*Asks:* 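I'd like to ask some things about the structure below.
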Amino acid sequence: MTRRILLTIAGPVVSVLLALLVTTLFLTFGGYSAASAYEVMWNYGIEPASLVSALNNAVPLYLAGIAAAFALRMGLFNIGVDGQYRVAALAGAVVAANLPLPLYLRLPITLLVCCLVGALWALVPALLRVYRGVSEVITSILMNAIATTVVAILLANVFRSGGGQNTGTAIIGADGAMPALVDLGIGNRTSISGFLVLAIVVGIVFYLIQYRTTFGFTLQVAAKSPEAAESAGIKVNRRIIWAMLGSGAIAGLVGLPHVLGVAFRFDGTLPTDLMFTGLAAALLGRSHPIGVAVGAFVLAFVERSSQVLGLVQLPTEVGSVFMAVILLSSAIGYWFTDKADRRLALWNAIRGRRRAGAQTVEASS
């Protein structure tokens, strides 16, 4: 058990250390003091307003990470999270702004609509993977490009509200927006988003499905050995479709913290490329909801704290370099620890057989 725990945390620790090393080299060769940069980032990052901002920014990263993890458990890479949450965010903004219902009904319906739209957008790569053998990586990337075009056309010609320079949907009122969870009252933007509760619920549901149900177990079996799974009566193709549907449904929620909690409409300020940062969080956290949460907060903290570097004549690209190396090293660490885990299991099996053989010999003698 101890060795397994060490293997689980080895990947994230090595990834963070490697990112720190590369970032330090980047600063040193650029003629900057790495120690000064880290000190400035830390001091700014632990301020209450920065911590609240990092926590709020970690929520969409966490949702993107859980969406990626849901597919990873089946051995799939859902690279279409970006397109799925863009299409779903547009649908959610329209529903939240126009549905004539009170908040306690309108908000759950908005969430369900976003999950449905995200799942349907992820269904296309799943079907192409199952029936045509096309990699979900390629098709989901292409679906991102299609989503960008479709959303732009719908926003410009169908759901645009008002005229002139307005390029967004109708404003979402208090009856459709996500209320703040806690307002610390110590300055601007110190309200913790209510989407934190949603993220916790999604993490719990993910854990129960993946670790406490037969379905979650069959996903792991089908991912590690499709042939053995088929021989055991597990329909691998169905698992692929359901894994992508689940991943897309969670991805549909990624854009809502911005739409329902920041901009209060869908416009050109919706964050993009949360997919890769969420994937890094998923890889860092070994696809476990608690690990993904830690990874998402670390990445959000680095992104927030690096914003102050420009004010002290230090390169603001430090955060980008750190997160890029995290993404690369976490992918390598995920593969390395998985391989080490398999070797450990094989070694334990061999030791068990040797002990059993030795006990048999002793008993016979």
Side-chain angles (χ1 to χ4, degrees), residues 9-65 68 79 81-82 85 187-190 192-193 199 254-255 257-258 262 268-286 291-337:
I9 66 175
V13 170
V14 170
S15 300
V16 173
L17 292 178
L18 182 59
L20 287 173
L21 175 61
V22 173
T23 306
T24 301
L25 294 176
F26 166 76
L27 288 168
T28 302
F29 284 113
Y32 302 98
S33 171
S36 299
Y38 294 146
E39 182 180 4
V40 170
M41 290 174 63
W42 176 258
N43 291 335
Y44 179 70
I46 61 175
E47 292 180 359
S50 295
L51 288 175
V52 171
S53 177
L55 182 62
N56 289 335
N57 292 337
V59 169
L61 297 184
Y62 178 73
L63 293 173
I79 310 298
V81 170
D82 189 75
Y85 78 74
N188 294 329
R189 296 186 178 182
T190 56
I192 299 177
S193 172
V254 174
H258 178 81
V262 179
T269 63
L270 182 71
T272 58
D273 296 332
L274 294 176
M275 163 187 61
F276 291 110
T277 312
L279 179 60
L283 294 175
L284 271 176
R286 295 283 295 170
V292 176
V294 174
F297 183 78
V298 169
L299 295 175
F301 180 86
V302 172
E303 183 180 12
R304 170 69 180 185
S305 59
S306 62
Q307 295 176 1
V308 75
L309 294 177
L311 301 177
V312 291
Q313 285 73 50
L314 288 170
T316 57
E317 292 80 9
V318 168
S320 300
V321 172
F322 184 89
M323 286 190 285
V325 178
I326 278 286
L327 179 59
L328 293 174
S329 58
S330 60
I332 297 173
Y334 193 94
W335 170 83
F336 176 78
T337 53

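The basis for the numbers below is simple: all heavy atoms, side chains too, and nothing from hydrogens, waters or symmetry mates. Since the structure is predicted, the reported quantities are computational estimates derived from the model, not experimental observations.
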*Asks:* Using every non-hydrogen atom in the two residues, find where A282 and A68 come nearest and quote the distance to one decimal.
*Replies:*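 For A282 and A68, the tightest heavy-atom pair comes out as CB-CB, 4.2 Å.
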
*Asks:* Holding to side-chain hydrogen bond (donor to acceptor under 3.5 Å, both in side chains), I want the full list of residues that pass it with T272, two or more places apart in sequence or in another chain.
*Replies:*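 For T272, no residue satisfies side-chain hydrogen bond (donor to acceptor under 3.5 Å, both in side chains) once neighbours in sequence are set aside.
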
*Asks:* Measuring from atom CD1 of I79 to atom CG of L279, what distance do you get when rounded to the nearest 0.5 angstrom?
*Replies:*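 Rounded to the nearest 0.5 Å, the CD1-CG separation comes out at 5.5 Å.
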
*Asks:* How far apart are the closest heavy atoms of V16 and F322, and which atoms are they?
*Replies:*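 Nearest pair, atom of V16 first, then F322: O-CE1, 4.3 Å.
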
*Asks:* Tell me every residue that passes side chain to side chain contact (heavy atoms under 4.5 Å, CB included) with V308, counting only those two or more places apart in sequence or in another chain.
*Replies:*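 With sequence neighbours excluded, V308 shows a side chain to side chain contact (heavy atoms under 4.5 Å, CB included) to V40, Y44, L311, given in chain and number order.
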
*Asks:* Rounded to the nearest 0.5 Å, how far does CZ of R304 lie from CE of M41?
*Replies:*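 The CE atom of M41 sits 12.0 Å away from the CZ atom of R304.
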
*Asks:* Mind checking the CG-CZ spacing from L21 to F26? Nearest 0.5 Å is all I need.
*Replies:*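 So the gap between those two atoms works out to 14.0 Å.
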
*Asks:* List the residues meeting side chain to side chain contact (heavy atoms under 4.5 Å, CB included) with L51, not counting sequence neighbours, and say none if there are none.
*Replies:*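 If we apply the side chain to side chain contact (heavy atoms under 4.5 Å, CB included) test to L51, skipping adjacent residues, the hits are F297, F301.
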
*Asks:* Which value, rounded to the nearest 0.5 Å, describes the distance between E303 atom CD and S53 atom OG?
*Replies:*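 Here the rounded value is 8.5 Å.
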
*Asks:* About how many Å separate CG of D82 and OG1 of T277, when rounded to the nearest 0.5 Å?
*Replies:*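 Nearest 0.5 Å value for the OG1-CG distance: 10.0 Å.
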
*Asks:* Counting N and O atoms only, with roles assigned by atom type, does the side chain of N56 sit under 3.5 Å from a partner on the main chain of S193, one being a donor and the other an acceptor?
*Replies:*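 Flag set: sc N56 to bb S193 pair under 3.5 Å.
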
*Asks:* Could you list the residues that satisfy side chain to side chain contact (heavy atoms under 4.5 Å, CB included) with A37, not counting sequence neighbours?
*Replies:*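 Testing A37 for side chain to side chain contact (heavy atoms under 4.5 Å, CB included), a comparison that skips the adjacent residues, returns L27, L309, L314.
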
*Asks:* Indicate the atoms forming the closest heavy-atom contact of L274 with P60, along with that distance.
*Replies:*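 Scanning both residues, the minimum pair turns out to be CD1-CB, 4.1 Å.
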
*Asks:* Kindly give the heavy-atom pair with the smallest separation between S50 and G45, and that separation in Å.
*Replies:*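 Taking S50 first and G45 second, the nearest heavy atoms are CB-O, 3.5 Å.
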
*Asks:* So which pairs with a foot in residues 30-41 pass side chain to side chain donor-acceptor pair (under 3.5 Å), sequence neighbours left out?
*Replies:*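 Output for this query lists T24-Y38, S33-S36.
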
*Asks:* Nearest heavy-atom pair of H258 and T269: which atoms, and what distance?
*Replies:*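 For H258 and T269, the tightest heavy-atom pair comes out as NE2-OG1, 2.9 Å.
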
*Asks:* Can you give me the closest heavy-atom contact between A199 and V59, atom names plus distance?
*Replies:*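 Smallest interatomic distance, heavy atoms only, reads CB-CG1, 4.1 Å.
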
